[in-house]
Structure formats: C-alpha cells, structure tokens
Amino acid sequence: MLEERKFSKNGMNLKARSHIEMTVHCRLSRDFFIRDVLQVAPELIGKILVIRSKGNSIQRYMITETEAYRGAEDKACHASKGRTERTEVMYHEGGKIYVYFVYGMYWMLNFVAGEKNIPQAALIRGIEGFHGPGKLTKAICIDKSFYGEDLVTSNRIWVEDAELKVTVKTSTRIGINYAGETWKNKPWRFFICPQTP
DNA sequence: GTTAAGATTCCG
DNA sequence: GGAATCTTAACG
C-alpha cells in the first residue's frame, strides 16, 4: 500500500511521518466531482482511492487508469440507451458511485461526474497493484452494494488528494468498438505515465 | 417470458 | 481466437 512504500524511502521515524500523511491527505469534496467528466477523469489519476475492508482496516491505492463516459449522446455511455434503473445514478450529481455487472463475472466501478441530470461517469480501470477494471473490483470487494454510495459522505469508500505530480497519457477507450466511428475514437482513456519525472 | 449482447479476463 | 457466465434491456 501507498504508506508502506512511502515510509520505506528514508529514515524518518514512523510516528512523525504518519502524522504527515494524516495532514496531507484530504478527501475530495463535491466540487471536484460536479465538473465535466473530461476534467474529472484525468484528474483522478494520482489520487488515492480509500476503502474500508471487511476487517474494518483502511486501505489506500493510487488510481492509475480511468475512462470518461460523457452524456446521453456518447454512444459508448450506458446512458445513451436512456434513463433506466441501472443508469439512474449517472443522472445524479457528481460524487456518487455507479456499479454495474458485465460478462457474467465482473463488477465495474465508476465515479459519477457532472451536474444533476447530466449523465457522466469515470470508469476506474486501474489502481496501484491491480491493472484492469474487473481485477481491481475483485481485489477490493466492490459489488452491487456500492451502487449509489456517495464518495463525499461514505465512511467505507472515498477519494483523497495526495497532491502527487503525475504525467497523464491518453488513448482511445477499451472495448467499445460497437459505439461507431465518432465515439470509439475519442481519446477519453487516461493513464499514468510509467516514468513520471 | 425469452433472448442477445456486453465499459473483461484467462487460456491456448 | 474463444470460453466463462449472468444482468440488463429490448422484444414478443
């Protein structure tokens, strides 16, 4: 986990550095999420996903890869099929969690972005140690019970700003070839540059 | 009620 | 390249 790696970098005593961690990390507020998903998704890279495990311990993982799904007109966005029971939370204000099940075995974790009634979400595709949207949800036990959870107020999942400086690269989104030329070619996948200066 | 397809991953 | 595996949404 992040703290362990940071702690091993120099010889300061653990108590003092633990205090530094506590003051630097700050939960992201509603304001971060209610912006356009094309701002939110890339800025999530380098932020810290915090989750309380079933044993009640807090775990932190840096977010390394995201994708933006933007509005009803985006043919790759589930909301392009309309407002349904599944997509309902995407129409809520930013900061909520959208979780859905695919391929008979994987839960996908998304953070809702944008203003109320504008369906946008950022798919979390990778976190430190777990590359792949299906793998990470399995690793941190994300399931349907997280649907609609609020990252701003929840006591079991939220996002913190570590104020890390990272370089973000882009590419086209994965697994949406059905969406047509206009939408499948949007450079809306964001990932951390492996050799950030 | 039935059915087709999917914001994936693993194996060959 | 193909299977695993099941919810969602569209259709009858």
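To find a chain, count down the sequence lines: A is the first, B the second, and so on, and within it residues start at 1.
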Looking at [Y], is its backbone amide N or carbonyl O close enough to the side chain of [X] to form a donor-acceptor pair, meaning the two atoms are under 3.5 Å apart?
X	Y	result
T64(A)	G126(A)	yes
R30(A)	V152(A)	no
R52(A)	N155(A)	yes

Check this for me: does any side-chain nitrogen of one of [X] and [Y] sit under 4.0 Å from a carboxylate oxygen of the other?
X	Y	result
R60(A)	E128(A)	no
K47(A)	E160(A)	no
E93(A)	K96(A)	no
K186(A)	D74(A)	no

Please tell me if [X] has a side-chain N or O lying less than 4.0 Å from either OP1 or OP2 of [N].
X	N	answer
H78(A)	dA7(B)	yes
R189(A)	dA7(B)	no
R86(A)	dT7(C)	no

Inset, instruction - Specify the residues of residues 174-185 of chain A, ordered by number, for which at least one heavy atom lies under 4.0 angstrom from an atom of DNA chain B. - result: I174(A), G175(A), I176(A), Y178(A)
Legend entry - Residues from residues 133-152 of chain A lying under 4.0 Å of DNA chain B - heavy atoms: P133(A), G134(A), K135(A)
By nearest atom, which of the nucleotides [options] is closest to the [X] side chain?
X	options	result
Y106(A)	dA10(C), dT7(C), dT8(B)	dT8(B)
Y98(A)	dC6(C), dT5(C), dA7(B)	dA7(B)
M105(A)	dA7(B), dA9(C), dT5(C)	dT5(C)

Take atom [atom1] of [X] and atom [atom2] of [N], then tell me their distance rounded to the nearest Å.
X	N	atom1	atom2	result
R173(A)	dT8(B)	CZ	C1'	17 Å
E88(A)	dA9(C)	CD	P	11 Å
W107(A)	dC6(C)	CH2	P	11 Å
N110(A)	dT8(B)	CG	P	11 Å

Inset, instruction - Start with the C-alpha gap between D36(A) and R70(A), add the side-chain angles, then the distance that decides, and say whether salt bridge (Lys or Arg N to Asp or Glu O under 4.0 Å) holds. - result: CA-CA 8 Å; D36(A) 193 288; R70(A) 189 168 185 267; 2.9 Å; yes
Inset, instruction - Extract the stems that DNA chain B is part of, considering only consecutive pairing runs of at least three Watson-Crick or G-U wobble pairs, both distances under 3.5 Å. - result: B:1-6 with C:6-11, B:8-11 with C:1-4
Inset, instruction - Would you indicate whether the side-chain heavy atoms of V112(A) and F33(A) approach each other to under 4.5 Å? - result: no
Inset, instruction - Check the side chains of Y69(A) and E67(A) for a donor-acceptor pair under 3.5 angstrom, ignoring hydrogens and angles. - result: yes
Inset, instruction - Using only heavy-atom distances, determine whether the side chains of E149(A) and S154(A) contain a donor-acceptor pair under 3.5 Å. - result: yes
Inset, instruction - Determine the Euclidean distance between corresponding P atoms of dG2(C) and dA5(B); express it in Å to zero decimal places. - result: 16 Å
Inset, instruction - Could you measure between the two P atoms, the one in dA4(B) and the one in dA3(C), and give it in whole Å? - result: 16 Å
Inset, instruction - Check the surroundings of atom NZ in K138(A): do more than 12 heavy atoms from other residues, nucleotides or ligands lie under 6.0 Å from it? - result: no
Inset, instruction - Output yes if the stacking criterion (under 5.5 Å between centres, under 30° between planes) is met for Y103(A) over the base of dT8(B), else no. - result: yes
Inset, instruction - Quick one: label M108(A) by what it contacts on the DNA or RNA (base, sugar-phosphate, nothing), any heavy atom closer than 4.0 Å. - result: sugar-phosphate
